[in-house]
Amino acid sequence: MNQELTCPYCGQQNNIRNVENYLGNKIRIPCGNKQCARKFEHHFEIINEENVTEVTRKKEYGKEAVLILLENTFHTTTTFHLKEGVEEFGRKSGTNNRQIVTEDTSISRNHFKVTGVRQKRTGNMKFILEDLGSTNKISLNGIIINNSIKPILTNNDLIKVGKSEMIFQYIE
């Protein structure tokens with residue numbers, strides 16, 4: 001899994017590959033901006049959960065994608081079709097955003113956003129996940145995502161939002 005980390009000194013986005021190799025560790029990352037080139041530290045946290053569902057990845061990119069909010073005691077299953085551009089998700093998101101209808105108060109009013117970017121050459125979409133400074137954070141496949149981490153979603157990624165779970169999937 002890859003993640004984008006923002007340099008705290010210059011704001012440059014730095015793509016970190018194979019993040020799973022760093023789980024539970026603090027590493028020093030050299031900024032990719034040659035004018036900055038300063039090193040900054042980041043701790044890759046692990047969420048310890050007993051019942052983590054493991055899924056296999058099938059597709060990295062596709063023409064269309066959905067986020068599926070899985071049913072639990074707070075709400076029924078809901079499917080959100082993703083599109084190009086920025087879409088914010090939360091309990092009380094505004095009119096241009098996607099509202100999660102739920103009784104799960106651990107989901108913030110404006111919890112996270114997904115940005116869809118179309119690749120010019122293939123027409124495929126890639127989707128980037130970003131926390132919006134929510135109180136309860138989000139996790140992607142067991143890794144806590146903070147404001148400086150902006151991972152690219154891949155097929156069957158498991159996103160935990162508050163006490164709820166969502167699955168990201170490409171569709172044809």
Side-chain angles (χ1 to χ4, degrees), residues 1-32 38-57 60 65-75 78 80 82 86-93 97-100 102-117 126-170:
M1 178 173 60
N2 296 341
Q3 290 184 350
E4 294 283 329
L5 296 179
T6 304
C7 174
Y9 305 108
C10 70
Q12 168 78 27
Q13 293 291 316
N14 294 276
N15 186 25
I16 309 301
R17 294 188 182 135
N18 302 320
V19 170
E20 56 274 6
N21 296 335
Y22 307 116
L23 293 179
N25 297 310
K26 182 183 278 189
I27 65 168
R28 296 191 89 184
I29 302 161
C31 180
R38 294 175 73 177
K39 292 183 179 180
F40 61 96
E41 291 185 349
H42 181 77
H43 182 253
F44 293 91
E45 298 180 39
I46 300 174
I47 296 176
N48 294 321
E49 295 182 30
E50 292 180 18
N51 298 321
V52 173
T53 304
E54 187 146 341
V55 293
T56 56
R57 301 187 194 288
E60 297 272 336
V66 293
L67 268 180
I68 304 167
L69 179 67
L70 302 177
E71 182 177 358
N72 64 19
T73 58
F74 300 109
H75 49 254
T78 306
F80 298 96
L82 300 174
V86 177
E87 296 187 80
E88 294 183 0
F89 290 82
R91 274 186 302 117
K92 303 283 186 190
S93 291
N97 303 321
R98 309 301 282 278
Q99 182 172 349
I100 299 172
T102 182
E103 298 298 318
D104 183 354
T105 56
S106 62
I107 297 177
S108 298
R109 287 180 174 87
N110 294 300
H111 204 108
F112 68 97
K113 71 179 178 180
V114 176
T115 304
V117 180
K126 69 177 179 179
F127 294 90
I128 301 164
L129 179 66
E130 185 177 353
D131 183 74
L132 293 174
S134 61
T135 303
N136 293 312
K137 303 291 178 205
I138 56 176
S139 70
L140 177 63
N141 300 323
I143 300 170
I144 294 175
I145 305 300
N146 61 34
N147 297 24
S148 65
I149 301 173
K150 298 174 185 165
I152 297 171
L153 296 171
T154 56
N155 204 45
N156 290 324
D157 275 343
L158 178 66
I159 302 166
K160 186 165 183 184
V161 182
K163 296 175 185 167
S164 302
E165 293 181 335
M166 301 178 96
I167 299 285
F168 172 85
Q169 290 183 337
Y170 282 105

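The model shown is predicted, which means the values in this text are computed figures rather than measured ones.
Taking CG of L158 as the start and CD1 of I68 as the end, the distance is 11.5 Å to the nearest 0.5 Å. The distance from the CG atom of L153 to the CD1 atom of I167 is 11.5 Å, given to the nearest 0.5 Å. Between the CD1 atom in I145 and the CG atom in D131 there is a gap of 8.5 Å [rounded to 0.5 Å]. From I138, atom CD1 reaches atom CD1 of I107 across 11.0 Å, with rounding to the nearest 0.5 Å. With rounding to the nearest 0.5 Å, the separation of CG in L23 from NE2 in H43 is 9.5 Å. The distance from the OG atom of S134 to the CG atom of N146 is 10.0 Å, given to the nearest 0.5 Å.
A distance-only check finds no donor-acceptor pair linking the side chain of H111 to the backbone of L132 [under 3.5 Å]. In terms of modelled atom types and a separation under 3.5 Å, the side chain of N14 and the main chain of Q12 share a donor-acceptor contact. Of the possible donor and acceptor atoms, one in the side chain of N155 sits under 3.5 Å from a partner among the backbone N and O of Y170.
Applying the side-chain hydrogen bond (donor to acceptor under 3.5 Å, both in side chains) test to T6 and every residue at least two apart in sequence or in another chain returns Q13. Residues satisfying the side-chain hydrogen bond (donor to acceptor under 3.5 Å, both in side chains) test with D104, not counting sequence neighbours, are S106, S164. Partners of R28 by salt bridge (Lys or Arg N to Asp or Glu O under 4.0 Å), not counting sequence neighbours, listed by chain and number: E41.
Of all heavy-atom pairs between A65 and F127, the closest is CB-CE1, 3.5 Å. Shown here for Y22 and R17, the closest heavy-atom pair between the two residues is CE1-O, 3.7 Å. What you find for K39 and P30 is that their closest heavy atoms are CG-CA, 4.0 Å. Closest approach of Q3 to I143, counting heavy atoms only: NE2-CG2, 3.6 Å. Nearest heavy atom pair, residue P8 against residue F40, reads CD-CG, 3.4 Å.
Between F89 and F112, the ring planes are parallel. Angles under 30° get that label, and only those over 60° would be called perpendicular.
By the 4.5 Å heavy-atom criterion applied to side chains, F168 and L82 are counted as neighbours. Put simply, the side chain of I149 reaches to within 4.5 Å of the side chain of H42, judged on heavy atoms. The shortest side-chain heavy-atom distance between N15 and I152 does not fall under the 4.5 Å cut-off. Between K150 and T115, the closest side-chain pair of non-hydrogen atoms is not below 4.5 Å.
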Exercise for the section: Would you sort out whether Q169 and N156 count as a side chain to side chain donor-acceptor pair (under 3.5 Å), showing the intermediate values? Expected result: CA-CA 5 Å; Q169 290 183 337; N156 290 324; 3.0 Å; yes

